J.: 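The structure that follows is given in the form of structure tokens.
Given the structure is predicted, the values throughout are model-derived calculations rather than measurements.
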Number of protein chains: 2
Amino acid sequence: MKPVTVYDIAKEANVSVATVSRVLNNTAPVKKSTRDRIVELMNKYQFQPNALARSLSKKETGMIGIILPDITNPFFPAVLAGLEQEARSKGYTFFLCDTVSTNGDSKEQYERESQYLSLLIEKQVDGIVMIGGRINLARPSESMVTEVVDISKRVPTLLINGHLPGQNIHSICVDEREGGELATQHLIDLGHRDIGFIGGYQSMANSIHRVQGFVKTMEKNGLKVRKEWILDGGFSVEKGKLFMNHLLSLPERPTALFCANDLVAIGALKSAYNAGLRVPEDLSLVGFDDVPYASNSIPELTTVSLKCYDVGKSAAEHLHQMITKNKVSRKTKIRPELVIRESTAPPKGLN
Amino acid sequence: MKPVTVYDIAKEANVSVATVSRVLNNTAPVKKSTRDRIVELMNKYQFQPNALARSLSKKETGMIGIILPDITNPFFPAVLAGLEQEARSKGYTFFLCDTVSTNGDSKEQYERESQYLSLLIEKQVDGIVMIGGRINLARPSESMVTEVVDISKRVPTLLINGHLPGQNIHSICVDEREGGELATQHLIDLGHRDIGFIGGYQSMANSIHRVQGFVKTMEKNGLKVRKEWILDGGFSVEKGKLFMNHLLSLPERPTALFCANDLVAIGALKSAYNAGLRVPEDLSLVGFDDVPYASNSIPELTTVSLKCYDVGKSAAEHLHQMITKNKVSRKTKIRPELVIRESTAPPKGLN
DNA sequence: AAACTAATTGACAACGCTTTCAATTGTGAT
DNA sequence: ATCACAATTGAAAGCGTTGTCAATTAGTTT
């Protein structure tokens with residue numbers, strides 16, 4: 001019942017473990033006859049080398065750890081898919097760390113990030129990628145940043161769509177601001193002048209950037225941004241509904257809405273629909289991220305694509321370079337792209 | 001730059017590594033004064049024990065491997081969430097194995113499953129959970145089953161919503177057939193007589209069971225099931241559209257559709273919508289799984305809930321029992337539940 | 001056949017932790 | 001003091017690989 005080891009094989013083949021190791025790794029020539037004998041034994045016993053022992057000895061595990069906030073948010077599986085695909089082709093394997101907390105307490109979430117960070121070190125992963133969570137905070141606490149800075153000194157660490165103030169950790173991200181500009185300009189080009197922004201958190205970098213792109217573009221076009229049409233406080237469908245409901249209760253309403261992400265847009269869409277508004281006839285909606293949801297709603301969502309898959313893929317490539325100690329530029333940017341679908345149209349008066 | 005080891009700590013504290021290990025694991029009493037000294041050094045050097053070494057020695061890793069077909073399908077993150085939450089609370093950690101193949105080749109997918117199965121053994125995971133893929137095949141190849149049977153003898157293995165013909169591997173699953181009955185009866189109770197079934201694969205157990213529940217209930221109610229209204233060949237939104245389009249081209253159409261999963265239902269919904277049909281007025285739709293999508297569409301999908309989160313959670317508990325060698329019943333069933341939302345209504349003529 | 005280079009192999013020390021067994025130290029009782 | 005016993009500790013043997021260095025064997029060349 002005990003697993004067979006190189007030692008067992010060696011003994012039965014009348015060779016030393018060194019030789020067995022050699023055929024196992026093709027690390028040095030072995031006479032054909034003895035190699036055959038060993039291979040045969042390996043098959044006979046279904047020998048599977050113990051990766052722990054191997055890693056301990058070689059000081060490399062081929063594992064990369066990924067810390068993300070919530071696997072249930074479709075955005076993360078989307079980038080994960082690209083990451084996985086690429087990393088796998090390079091021989092890496094995955095350690096999934098979901099920091100979601102049952103009660104939605106973000107303090108607990110950051111706490112969990114810390115735990116996982118240590119854990120990954122202990123597990124001796126070859127690299128770490130972080131996405132979402134503290135690295136998306138506009139102003140993370142001192143300890144939060146030093147913690148990951150320390151980590152990044154011990155093992156190649158890559159941030160996806162995030163950064164740490166005052167630090168210069170490797171990252172790959174897409175220009176959120178530009179995305180915000182794209183979306184807003186699209187709406188303006190359609191003829192909208194009364195545009196609102198909903199979703200996100202003022203404490204998070206991505207939200208801030210998206211809003212900045214929005215505001216900048218509005219002003220560039222000589223349009224006024226109305227404070228009461230900028231609502232934040234969440235990234236979920238549920239929150240999207242709430243935001244929309246609030247907007248609906250206002251005396252004056254925007255004709256178009258730029259949503260902090262697709263989920264919020266979906267929520268807004270639902271609320272608008274329930275209130276009898278038609279999208280895009282009565283209200284234009286643009287989302288952000290381009291998760292699968294976006295193209296499956298009715299109407300399909302116009303959105304700015306973060307190109308999740310590509311981001312994931314680049315991340316894997318970048319991290320691989322870091323691990324193999326090739327030099328890479330510290331930051332790599334990916335440009336977002338506007339995907340025009342069905343949820344945007346000229347405002348009503350303009351037909 | 002080298003990581004500090006128990007040995008380093010021991011030396012500086014003037015004790016043996018055994019003692020260091022003891023304070024590290026609280027595995028035996030250590031005099032307060034020396035314990036304090038050691039703890040202090042650990043902090044000073046930010047000592048983090050090497051989990052590889054520890055696992056090698058203890059013969060346990062605290063890792064559980066999970067093999068799934070495609071993280072991008074929202075169903076899997078949903079059960080993963082429950083699994084993760086529960087497993088984490090028990091001190092386990094995750095090894096993610098996504099077997100998706102870029103080109104959608106299922107042969108390649110099964111191949112990948114084999115690779116991951118070996119890999120997990122090599123990595124010495126404490127347990128394995130499989131979901132989807134070959135364990136959902138109605139008639140998997142001989143080698144596919146012996147492979148996982150062999151694995152299950154080496155390490156606790158649990159199947160979620162799957163089985164292997166002629167074997168008796170631990171599994172936790174929800175009764176697909178009953179789900180099919182629930183959905184169908186609901187439609188019939190609403191007054192529908194012309195009901196179709198779309199989606200799934202005739203080669204897959206879950207599809208077969210769902211159809212069986214459908215057929216059985218139809219017959220029980222004295223209704224005829226029409227061959228031409230049973231379409232299979234996929235689980236995606238895209239396929240759902242195709243199925244619907246085909247149905248639309250038929251001279252006679254069903255007034256209600258039971259879809260193999262929510263994604264297919266969404267696809268059908270979109271096609272119906274594009275064809276000018278209104279759901280549920282002109283067509284009733286019921287999905288299966290109850291992924292987040294289901295409650296975010298317009299109209300919201302009536303569906304049979306697989307209670308993904310619960311399934312994941314039970315799986316974690318079950319596997320934990322297996323790992324700790326407590327006795328558990330080999331199979332645990334979870335009952336599906338009909339969730340009535342907005343996509344179903346009495347057929348038109350009946351108002 | 002001797003000398004020499006090339007091809008194969010084996011011994012053994014890491015890798016960093018846990019665990020067993022025995023040795024040492026400390027304590028209160030006598 | 002002395003003894004019995006409990007509380008602490010240390011030495012060393014694993015755990016299953018890899019990798020280095022030296023030794024052995026085989027193959028050429030003269």
J.: Extract, from 5' to 3' on DNA chain C, the first and final nucleotides lying under 4.0 angstrom from some heavy atom of chain A.
T.: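 Endpoints of the contacted stretch of DNA chain C: C/dT8 to C/dG16.
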J.: For A/Thr5 and D/dC15, is the shortest distance between a side-chain N/O and OP1 or OP2 below 4.0 Å?
T.: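 No, A/Thr5 has no side-chain N/O under 4.0 Å of OP1/OP2 on D/dC15.
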J.: With a 4.0 Å heavy-atom cut-off, tell me which residues in residues 6-29 of chain B come close to DNA chain D, sorted by residue number.
T.: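 Of all residues in residues 6-29 of chain B, the ones placing a heavy atom under 4.0 Å from DNA chain D are B/Asn14, B/Val15, B/Ser16, B/Ala18, B/Thr19, B/Arg22, B/Pro29.
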J.: Looking at side-chain heavy atoms only, is the closest gap between A/Lys331 and A/Ser171 below 4.5 Å?
T.: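 Yes, side chains in contact.
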J.: Give, ordered by number, those residues of residues 52-65 of chain A having at least one heavy-atom distance below 4.0 Å to an atom of DNA chain D; if nothing qualifies, reply none.
T.: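 Of all residues in residues 52-65 of chain A, the ones placing a heavy atom under 4.0 Å from DNA chain D are A/Ala53, A/Arg54, A/Ser57, A/Lys58.
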J.: Could you tell me, to 10°, how much the axis swings from one end of the helix from C/dA1-D/dT30 to C/dT30-D/dA1 to the other, five pairs per end?
T.: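 Here the helix ends are tilted 50° relative to one another.
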J.: On DNA chain C, does the nearest nucleotide to A/Lys32 precede the nearest nucleotide to B/Pro49 from the 5' side, or the other way round? Give the residue.
T.: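 The residue mapped nearer the 5' terminus is A/Lys32.
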J.: Does any non-hydrogen side-chain atom of B/Arg112 lie less than 4.5 Å from one of B/Ser101?
T.: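 With C-beta onward as the side chain, the pair touches.
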J.: Backbone N or O of B/Arg134 within a donor-acceptor pair of the B/Glu113 side chain at under 3.5 Å?
T.: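 Yes; judged by distance alone, with no hydrogens or angles, the pair exists.
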J.: Ignoring hydrogens and angles, tell me if any N or O in the side chain of B/Ser21 forms a donor-acceptor pair with the backbone of B/Val17 under 3.5 Å.
T.: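 Side chain of B/Ser21 to backbone of B/Val17: no pair is present.
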J.: Figure out the CE/P separation between A/Met42 and D/dG16, and round it to whole Å.
T.: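 Going from A/Met42 (CE) to D/dG16 (P), I get 15 Å.
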J.: Could you tell me whether the side chain of B/Ile135 reaches within less than 4.5 Å of the side chain of B/His163, counting heavy atoms only?
T.: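 No, side chains not in contact.
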J.: Please set out all donor-acceptor pairs under 3.5 angstrom arising from side-chain atoms of residues 117-132 of chain B, sequence neighbours excluded.
T.:
| from | atom 1 | to | atom 2 | distance (Å) |
| --- | --- | --- | --- | --- |
| B/Ser118 | OG | B/Ser114 | O | 3.4 |
| B/Lys123 | NZ | A/Thr61 | O | 2.9 |
| B/Asp126 | OD1 | B/Thr61 | N | 3.0 |
| B/Asp126 | OD1 | B/Thr61 | OG1 | 3.3 |
| B/Asp126 | OD2 | B/Thr61 | N | 3.4 |
| B/Asp126 | OD2 | B/Gly62 | N | 2.6 |

J.: Are A/Lys44 and A/Glu40 close enough, and set up right, to give a salt bridge (charged side-chain N to carboxylate O under 4.0 Å, His left out), and what steps lead you there?
T.: CA-CA 6 Å; A/Lys44 173 176 168 193; A/Glu40 186 159 354; over 6 Å; no
J.: Check the distance between D/dG16's P and B/Gln124's CD and give it to me in whole angstrom.
T.: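 Atom CD in B/Gln124 sits about 8 Å away from atom P in D/dG16.
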J.: I'd like to know if B/Lys107 pairs up with B/Glu111 as an ion pair, taking the criterion as any Lys NZ or Arg NE/NH1/NH2 lying under 4.0 Å from an Asp or Glu carboxylate oxygen.
T.: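 Looking at B/Lys107 and B/Glu111, the cut-off is not met.
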J.: Restricting to non-hydrogen atoms, name the atom on A/Ile172 and the atom on A/Ser314 that form the minimum distance, rounded to 0.1 Å.
T.: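 Smallest heavy-atom distance, with atoms named: CD1-CB, 3.6 Å.
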J.: With a 3.5 Å cut-off and sequence neighbours excluded, list the donor-acceptor pairs that the side chains of residues 90-99 of chain A form with protein atoms.
T.:
| from | atom 1 | to | atom 2 | distance (Å) |
| --- | --- | --- | --- | --- |
| A/Lys90 | NZ | A/Glu86 | OE2 | 2.8 |
| A/Tyr92 | OH | A/His320 | ND1 | 2.8 |
| A/Asp98 | OD1 | A/Val100 | N | 2.9 |
| A/Asp98 | OD2 | A/Ile71 | N | 3.1 |
| A/Thr99 | OG1 | A/Leu68 | O | 3.2 |

J.: Are the charged groups of A/Arg154 and A/Asp150 less than 4.0 angstrom apart, N to O?
T.: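 Salt bridge between A/Arg154 and A/Asp150, a charged N being under 4.0 Å from a carboxylate O: no.
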J.: Please determine, by modelled atom types, if A/Asn14 and A/Arg37 share a side-chain donor-acceptor pair under 3.5 angstrom.
T.: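 There is no such pair between these side chains.
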J.: Does the B/Ser55 side chain pair with the main chain of B/Leu52, one donor and one acceptor, at a distance under 3.5 Å?
T.: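 Such a contact is absent between B/Ser55 side chain and B/Leu52 backbone.
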